[in-house]
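Remarks on the structure that follows.
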Amino acid sequence: MPSMKTKRAPTIRSKLLLLVIACVVPAALMAVALITYEYQRTREQLSQTLLGTARAMMSGVDRDLASIESSLVALATSPYLAANDFRTFYDQARQVLAARAEDDDINIALLDITGKQHLNTRRPFGAPLPVQSYFPGLKTIYEDGKPVITDLFIGQVTLTPILVIGVPVYINGKVAYNLNAGIFPQRFEELLQQQKLPAGWIAAIFDSKGTIVARTSEMQRFVGKKATPEIIENISANNEKIFSSTTYDGITMHTVLSHSEISNWSIAIGIPNEAFTLELRNTLLKLILATLILLAGSLAIAWMIGGRIAASIRGLTGPALELGRGKKVHVPPLHLREADEVGGSLIRASEMLQKAQHQANHDVLTGLANRGLFDEIVNQQLALCERNQTSLSVLYIDLDGFKAVNDAYGHETGDQLLCEVAARLKASSRHSDLVARLGGDEFAIVMVGTGLKDAAFFAEKLVESLSAVYVFGNLSAHISASIGVASYPDCALTSDALLQYADRAMYQAKGAGRRQAVMAPPAERM
Ligand SMILES: Nc1nc2c(ncn2[C@@H]2O[C@H](COP(=O)(O)OP(=O)(O)OP(=O)(O)O)[C@@H](O)[C@H]2O)c(=O)[nH]1
């Protein structure tokens with residue numbers, strides 16, 4: 001026969017643990033996916049909000065520049081310029097600056113085409129001034145007569161980074177001078193600070209070449225410096241952009257950039273990536289921790305419940321074995337409905353088995369032992385008698401005149417009479433004796449530890465008891481009994497022989513006139 005490897009089936013506990021894992025892990029993964037999705041959404045929303053802020057800041061800068069430019073354009077029409085009255089024009093320019101109270105970081109200068117400064121509000125009128133000033137875009141004012149906003153450069157008077165808005169001054173239809181306003185970058189730093197960005201966030205303004213004009217932090221260190229290549233690359237794209245960049249200090253920033261078509265300047269706002277990811281990481285860590293706690297708790301509960309279920313099921317093992325042995329099954333409460341139901345089924349199966357066993361060994365009408373059981377018990381008891389040197393007697397009982405009762409009162413009354421006979425036999429015999437119905441109106445009794453004489457004495461009494469009138473309602477029946485008695489070891493040594501001799505003696509009783517007991521003679525012993 002081929003060898004068969006039996007694989008051990010998984011336990012309830014392992015199945016429950018698997019169930020818990022199958023429930024908790026997908027839920028946790030789903031939560032991770034949702035949190036990550038939410039994180040991406042928030043990041044996207046924040047990017048859009050930031051872009052809006054950058055756009056608003058950029059137009060604030062544009063408005064500021066435009067306002068300065070328009071003040072200059074108005075001043076450039078001053079009649080004092082045409083009259084070469086620079087002294088009065090100087091005072092007028094100062095008044096314009098004074099009217100713009102917040103503009104102490106602006107100065108006004110008047111230059112001719114050679115770059116000679118005729119006045120500069122940063123110096124008293126008449127004080128020496130650079131004879132050949134130059135700023136980027138100076139020439140174009142004379143060439144195309146249009147205002148210019150320069151990039152950041154080092155001013156000749158202040159020797160610090162500065163930028164200039166220059167407008168043409170027309171005299172007799174020709175550009176005779178350029179009137180310009182020098183603006184310190186600090187003006188834009190203030191504009192950035194007004195936004196009150198959260199700590200760690202950085203905003204910066206860049207001119208058209210990507211030079212840092214203002215920055216929310218470390219202004220002194222960075223002003224006039226070129227932006228990082230990533231920023232410059234995105235500035236040149238001339239668009240609104242959301243991208244990742246790294247600062248000079250090596251901090252990776254989530255950056256938004258807004259570019260102005262008017263000034264050609266740009267504003268960038270950056271949030272450290274760390275600020276973004278830290279929140280996500282913390283949330284994910286909390287989720288993982290919560291999942292682990294939940295998993296551990298659920299596994300512990302599953303382990304406990306699995307143990308209880310297993311104990312309930314194992315509680316059925318004993319009753320199942322009892323059932324197998326044909327014993328009456330007792331099932332204790334198992335505290336699990338299904339196990340209790342199986343236990344109940346085992347009890348019912350045991351009851352059915354017991355009933356079947358009883359039916360196999362007993363007479364259906366009287367409930368007495370049948371011939372099979374009688375033979376079995378006689379054989380068992382004979383073995384004991386042989387070992388213990390004790391005696392045993394068999395009484396073979398046949399009713400006299402029973403057929404007449406059947407015939408006179410019917411079969412049912414005959415049955416009732418047979419039951420009454422059985423009851424009288426049971427009532428007369430000892431607990432240790434076995435009463436059997438061998439068939440029809442024939443009965444037998446095996447009397448353990450009883451010799452031939454005692455058995456014969458008992459048989460005679462039994463004849464009288466069985467011959468007493470039988471009353472069923474208003475019916476009364478008269479029968480009697482003939483009994484043959486045989487004993488071990490006096491008459492026979494085997495069950496068959498004992499029954500045979502008792503039967504023969506019973507026939508002798510019949511032959512002798514019925515209603516009597518006859519002993520099998522010891523002489524007939526085999
Ligand atoms: N009511 C009933 N009658 C049965 C049953 N089994 C057998 N009999 C009848 O019992 C009778 C037994 O026959 P006999 O032993 O000849 O009847 P008897 O009148 O006692 O005859 P003797 O033994 O010679 O006295 C038969 O008529 C059977 O049909 C039973 O279970 N119920």
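Order of appearance sets the numbers: ligands from 1, and atoms from 1 within every ligand.
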> Taking F374 as the fixed residue, which of L499, I445, N361 is the one that meets the side chain to side chain contact (heavy atoms under 4.5 Å, CB included) rule?
Replying inline: L499
> So, Y37 and R41: side-chain donor and acceptor under 3.5 Å apart, yes or no?
Replying inline: no
> Any Lys/Arg nitrogen of E420 or R424 sitting under 4.0 Å from an Asp/Glu carboxylate oxygen of the other?
Replying inline: yes
> Does any donor atom in the side chain of S208 or N264 lie under 3.5 Å from an acceptor atom in the other side chain?
Replying inline: no
> How about D400 and S482: does a side-chain donor come under 3.5 Å of a side-chain acceptor?
Replying inline: yes
> So, Q48 versus E44: side-chain donor-acceptor pair below 3.5 Å or not?
Replying inline: yes
>> Distance under 4.0 Å, heavy atoms only, partner ligand 1: which residues pass?
In response: D398, L399, D400, G401, F402, K403, N406, H411, G414, D415, L418, R437, G440, D441, K510, R514
